[in-house]
Structure formats: structure tokens, C-alpha cells
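A quick write-up on the structure given underneath.
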Amino acid sequence: MYGNTYVTSAEFPELETIAGGYAYQFAFQNCTNLTSISFPKLKTVSGTYALTSMFQGCTKLNSISFPELTTASGSYAFSATFSGSTALT
């Protein structure tokens with residue numbers, strides 16, 4: 001999806017675990033029309049760079065949902081994940 005300007009929302013309804021060294025790194029970076037993302041069942045994120053820069057530069061992103069997330073681990077997990085996502089408050 002990197003740089004895709006057509007995607008406006010995404011939901012991962014069955015995903016419960018994200019694991020792996022670079023899992024989802026840069027996945028939605030610079031998707032400038034992305035406004036919302038939801039991981040309703042996600043419980044665990046692990047991996048050195050998991051989700052790093054995942055939403056970086058998503059300037060319209062204003063809704064994020066991780067309601068079940070209880071564990072996040074990894075040296076750089078979530079690093080710069082929302083950098084440049086200026087619509088988040």
C-alpha cells in the first residue's frame with residue numbers, strides 16, 4: 001500500500017497477532033488519503049521493527065483503533081509509526 005493515494009480506510013477484522021522482525025513496516029506510509037484504520041481483534045505486536053513508520057506521512061489519518069491491544073514488544077516497535085500524521089489529535 002505504500003504511497004497509495006486511493007485507499008481511504010482499512011480494517012483487519014481477524015488479525016490477532018503481528019509478529020516478525022519487519023512486520024508491517026512502512027505498510028501505509030504516505031497513503032495521504034487514508035483517514036481511518038482498525039484492528040478490532042489485534043492483541044499482540046512483536047518484532048524488532050514491527051509497525052515502524054507504518055502510518056508515517058498519512059496526513060489525513062484521524063481515526064485509529066486497537067481496542068484489544070495488550071502487548072507490544074520490540075526494540076523499535078511502533079517507532080515513528082505516526083510521524084507526520086498531522087490530523088491525529
Side-chain angles (χ1 to χ4, degrees):
M1 290 294 205
Y2 178 95
N4 183 319
T5 58
Y6 298 102
V7 66
T8 58
S9 65
E11 182 174 3
F12 297 86
E14 301 302 320
L15 188 63
E16 292 185 16
T17 301
I18 293 176
Y22 295 90
Y24 289 82
Q25 185 181 27
F26 307 119
F28 291 93
Q29 187 178 32
N30 296 324
C31 292
T32 54
N33 287 313
L34 182 68
T35 59
S36 66
I37 190 113
S38 177
F39 294 86
K41 293 184 179 180
L42 183 64
K43 293 178 174 71
T44 304
V45 173
S46 65
T48 304
Y49 294 97
L51 289 106
T52 300
S53 301
M54 186 174 184
F55 303 109
Q56 186 174 23
C58 296
T59 55
K60 294 182 182 177
L61 183 63
N62 61 28
S63 176
I64 303 164
S65 178
F66 296 99
E68 301 292 322
L69 186 63
T70 56
T71 304
S73 63
S75 300
Y76 300 99
F78 283 96
S79 175
T81 299
F82 303 106
S83 175
S85 299
T86 56
L88 291 173
T89 56

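Considering CE of M54 and OG1 of T81, their distance stands at 8.5 Å, rounded to 0.5 Å. The CG atom of L34 lies 11.5 Å from the OG1 atom of T5; values are rounded to the nearest 0.5 Å. Once rounded to the nearest 0.5 Å, the distance linking CD of Q56 with OH of Y2 reads 8.5 Å. S9 contributes atom OG, which lies 13.5 Å from atom NZ of K60 (distance to the nearest 0.5 angstrom).
Across all their heavy atoms, T59 and G84 have their closest contact at CG2-O, 3.8 Å. In this structure, C31 and G3 approach most closely via the heavy-atom pair SG-N, 3.9 Å.
Shown here are the side-chain contact (heavy atoms from CB on, under 4.5 Å) partners of A80, two or more places apart in sequence or in another chain: S53, S83.
Just one of Y24, F82, F66 meets the ring-ring contact (aromatic ring centres under 6.0 Å, His included) condition when paired with F55; it is F82.
In the hydrophobic cluster analysis, where Ile, Leu, Val, Met, Phe, Trp and Tyr join through side-chain heavy atoms closer than 4.5 angstrom, M1 is grouped apart from Y22. F28 and L69 fall within a single hydrophobic cluster, where Ile, Leu, Val, Met, Phe, Trp and Tyr are joined by side-chain heavy atoms under 4.5 Å apart, directly or via other members. Residues F78 and I64 share a hydrophobic cluster, clusters being chains of Ile/Leu/Val/Met/Phe/Trp/Tyr side chains in contact below 4.5 Å.
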Tabulate below the donor-acceptor pairs under 3.5 Å that side-chain atoms of residues 35-51 make, not counting sequence neighbours, or state none.
from : atom 1 : to  : atom 2 : distance (Å)
T35  : OG1    : T8  : O      : 3.0
K41  : NZ     : E14 : OE1    : 3.3

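Applying the salt bridge (Lys or Arg N to Asp or Glu O under 4.0 Å) test to pairs two or more places apart or on separate chains, none has a residue in residues 80-89.
No side-chain heavy atom of N33 sits less than 4.5 Å from a side-chain heavy atom of Y6.
Counting heavy atoms of neighbouring residues, nucleotides and ligands inside a 6.0 Å radius, atom CZ of F26 exceeds 12 of them.
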